[in-house]
Amino acid sequence: MHQYDPIAHFYHADHASFEDDIPFYRELARRTGGPLLEAMCGSGRLLVPLVQAGYRVTGIDTSAEMIEIAQEQLAAADLSHAAQLAVADICANINGGPYALAIVALNSFMHLTSANAQLTALANLHAALKPGGLLALDLFNPNPRLLAEYDNELVFDKQFNMPDGAVVQKFVAQQIDAAAQINYVSFFYDEMGADGLLRRHTTQFPMRWIYRNELEHLLARAGFALQQVYGSYELDPFRSDSDIMLAVAQRV
């Protein structure tokens with residue numbers, strides 16, 4: 001079973017309201033014209049609005065539960081005909097294409113925890129893109145002070161409601177391995193159901209953070225030229241105190 005399968009519906013409800021990055025990707029889609037690939041697409045939070053904007057999108061993810069939710073979202077919007085979804089690994093061959101734009105959103109690339117896996121994924125994305133096609137990677141900007149602050153801490157993140165009315169509280173725990181640049185993350189979703197019982201749903205996964213110059217080196221080794229690195233979805237310059245590292249690279 002995939003690590004996200006047990007909490008897929010909670011993850012979807014958790015992130016469904018996040019729309020900050022959608023205008024950025026819509027503009028990239030307008031520039032490139034499509035077709036689009038969203039690798040590690042999760043439950044379709046970004047994929048569905050891109051299809052609604054008129055683009056043909058292929059979405060792949062290794063979690064079958066996430067892909068099922070994405071298919072449900074497309075069907076509810078009567079958009080199944082405009083998208084192709086598959087349970088597939090970014091580190092295996094990517095079918096379809098060639099694509100004008102490939103997207104790996106919201107830290108998903110950080111699930112690749114070795115240089116070999118990162119380079120394999122980038123090589124596959126390179127092969128799936130048209131010559132001159134663009135790749136967008138949305139990554140966490142590693143801040144050593146903040147990483148140390150949250151090391152071995154259990155933190156309340158948010159409260160939200162499920163479609164059935166259940167109230168869910170989300171907690172996050174992190175363990176930091178600075179030498180390996182890996183953050184071991186645990187999500188705890190505490191669900192209070194209509195029956196008054198509290199049920200805890202958990203998953204654990206490692207995430208490897210990447211520094212800006214390291215990313216440029218990885219991209220170059222895979223045949224990409226780094227075009228720009230932004231520090232926000234509003235295209236602010238990337239700085240040491242930026243929350244995100246939003247990279248746009250071109251296949252050469």
Side-chain angles (χ1 to χ4, degrees), residues 2-5 7-29 36-53 55 57-63 65-67 69-70 73 83 85 88-91 101-113 117-118 121-122 125 134-143 146-147 150 155 157-158 160 170 172 174 181-187 189 203-212 215 228-236 238 242-249:
H2 189 276
Q3 60 206 18
Y4 272 93
D5 284 351
I7 54 92
H9 285 83
F10 298 104
Y11 180 93
H12 177 71
D14 181 1
H15 292 83
S17 62
F18 183 78
E19 300 179 345
D20 295 5
D21 57 349
I22 293 174
F24 172 79
Y25 291 117
R26 279 181 177 153
E27 175 58 21
L28 279 185
L36 314 180
L37 169 69
E38 188 185 0
M40 309 174 89
C41 67
S43 60
R45 176 199 63 84
L46 176 60
L47 183 145
V48 172
L50 289 174
V51 175
Q52 289 173 327
Y55 299 100
V57 186
T58 296
I60 62 171
D61 199 279
T62 51
S63 168
E65 291 293 327
M66 290 286 199
I67 288 294
I69 295 171
Q73 302 304 308
L85 300 178
D89 190 344
I90 193 175
C91 290
L101 171 65
I103 297 166
V104 188
L106 274 188
N107 299 324
S108 297
F109 192 79
M110 294 171 62
H111 286 294
L112 307 176
T113 57
Q118 293 164 348
L122 290 173
L125 291 166
L134 296 183
L135 168 65
L137 296 175
D138 179 3
L139 302 168
F140 165 73
N141 179 26
N143 183 316
L146 291 178
L147 287 167
Y150 290 113
V155 178
D157 185 50
K158 66 176 70 171
F160 57 91
K170 177 188 177 186
V172 180
Q174 303 180 63
Q181 295 177 211
I182 291 180
N183 184 9
Y184 295 92
V185 182
S186 298
F187 284 172
Y189 291 103
T203 192
Q204 296 81 37
F205 50 87
M207 300 191 80
R208 186 179 189 278
W209 66 82
I210 304 171
Y211 293 100
R212 188 255 181 236
L215 175 62
Q228 190 58 264
V229 181
Y230 302 106
S232 75
Y233 302 118
E234 290 72 39
L235 311 188
D236 293 314
F238 176 71
S242 299
D243 289 330
I244 66 171
M245 182 167 58
L246 186 58
V248 178

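When a residue number appears, it is its place in the shown sequence, counting from 1. From a predicted model like this one, the values you see are computed outputs, not experimental measurements.
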Using every non-hydrogen atom in the two residues, find where S242 and N141 come nearest and quote the distance to one decimal.
O-ND2, 2.7 Å
Got a second to check how far L46's CG is from E38's CD, nearest 0.5 Å?
4.5 Å
How many angstroms lie between OG1 in T58 and CD1 in I60, if you round to the nearest 0.5 Å?
9.0 Å
Who pairs with V248 by side-chain contact (heavy atoms from CB on, under 4.5 Å), at least two apart in sequence or on another chain?
F24, L28, L134, Q227, Y230
Check: Q73 and R45 side chains under 4.5 Å, non-hydrogen atoms
no
Hey, are Y189 and D14 close enough side-chain-wise for a donor-acceptor pair under 3.5 Å?
yes
Would you give the length of the straight line joining atom CG of L246 to atom OG of S232, rounded to the nearest 0.5 angstrom?
8.0 Å
Could you tell me whether F187 and F205 have their ring centroids closer than 6.0 angstrom?
yes
Euclidean distance, D21 CG relative to E234 CD, rounded to 0.5 Å:
10.0 Å
Side chain of R212, backbone of M245: donor and acceptor closer than 3.5 Å?
no
Non-hydrogen atoms of A39 and I90 that approach each other most closely
CB-CD1, 3.8 Å
Smallest heavy-atom separation, I210 atom then L215 atom, equals CG2-N, 3.7 Å
M207 and N107: which non-hydrogen atoms are nearest, and at how many Å?
CE-O, 3.2 Å
With rounding to the nearest 0.5 angstrom, report the CZ to CD distance, F238 to Q228.
11.5 Å
Just how far is it from atom CD1 of I67 to atom SG of C41, taken to the nearest 0.5 Å?
4.0 Å
Report the C-alpha distance between H111 and Y4 in whole Å, list the side-chain angles of each, state the deciding distance to 0.1 Å, and finish with yes or no for side chain to side chain contact (heavy atoms under 4.5 Å, CB included).
CA-CA 12 Å; H111 286 294; Y4 272 93; 3.3 Å; yes
Quick one, L106 with F18, criterion side chain to side chain contact (heavy atoms under 4.5 Å, CB included). Give me CA distance, side-chain angles, the key distance, then yes/no.
CA-CA 10 Å; L106 274 188; F18 183 78; 3.9 Å; yes
Please determine whether side chain to side chain contact (heavy atoms under 4.5 Å, CB included) holds for the pair Y211 and Q181, giving the CA-CA distance in whole Å, both sets of side-chain angles, and the decisive distance to 0.1 Å.
CA-CA 9 Å; Y211 293 100; Q181 295 177 211; 3.8 Å; yes
Tell me, do Y25 and L101 make a side-chain contact under 4.5 Å, heavy atoms counted?
no
Taking all atoms of both residues into account, what is the closest heavy-atom pair of D61 and M40, and its distance?
OD2-C, 3.3 Å
For atom OH of Y150, is the number of surrounding heavy atoms from other residues, nucleotides or ligands below 6.0 Å larger than 12?
no
Show your working on side chain to side chain contact (heavy atoms under 4.5 Å, CB included) between L147 and W209 and close with a plain yes or no.
CA-CA 11 Å; L147 287 167; W209 66 82; 3.9 Å; yes
Without swapping roles, check the side chain of T203 against the backbone of Q3 for a donor-acceptor pair under 3.5 Å.
yes
Does the side chain of L146 reach to within under 4.5 Å of the side chain of F140, using non-hydrogen atoms?
no
Looking at V104 and F109, what are the two nearest heavy atoms and their distance?
CG1-N, 3.5 Å
Tell me whether the count of non-hydrogen atoms from other residues, nucleotides or ligands lying under 6.0 Å of CG in D236 goes above 12.
yes
Taking only residues two or more places apart in sequence, or in another chain, which ones meet T113 in a side-chain contact (heavy atoms from CB on, under 4.5 Å)?
I182, P206, R208
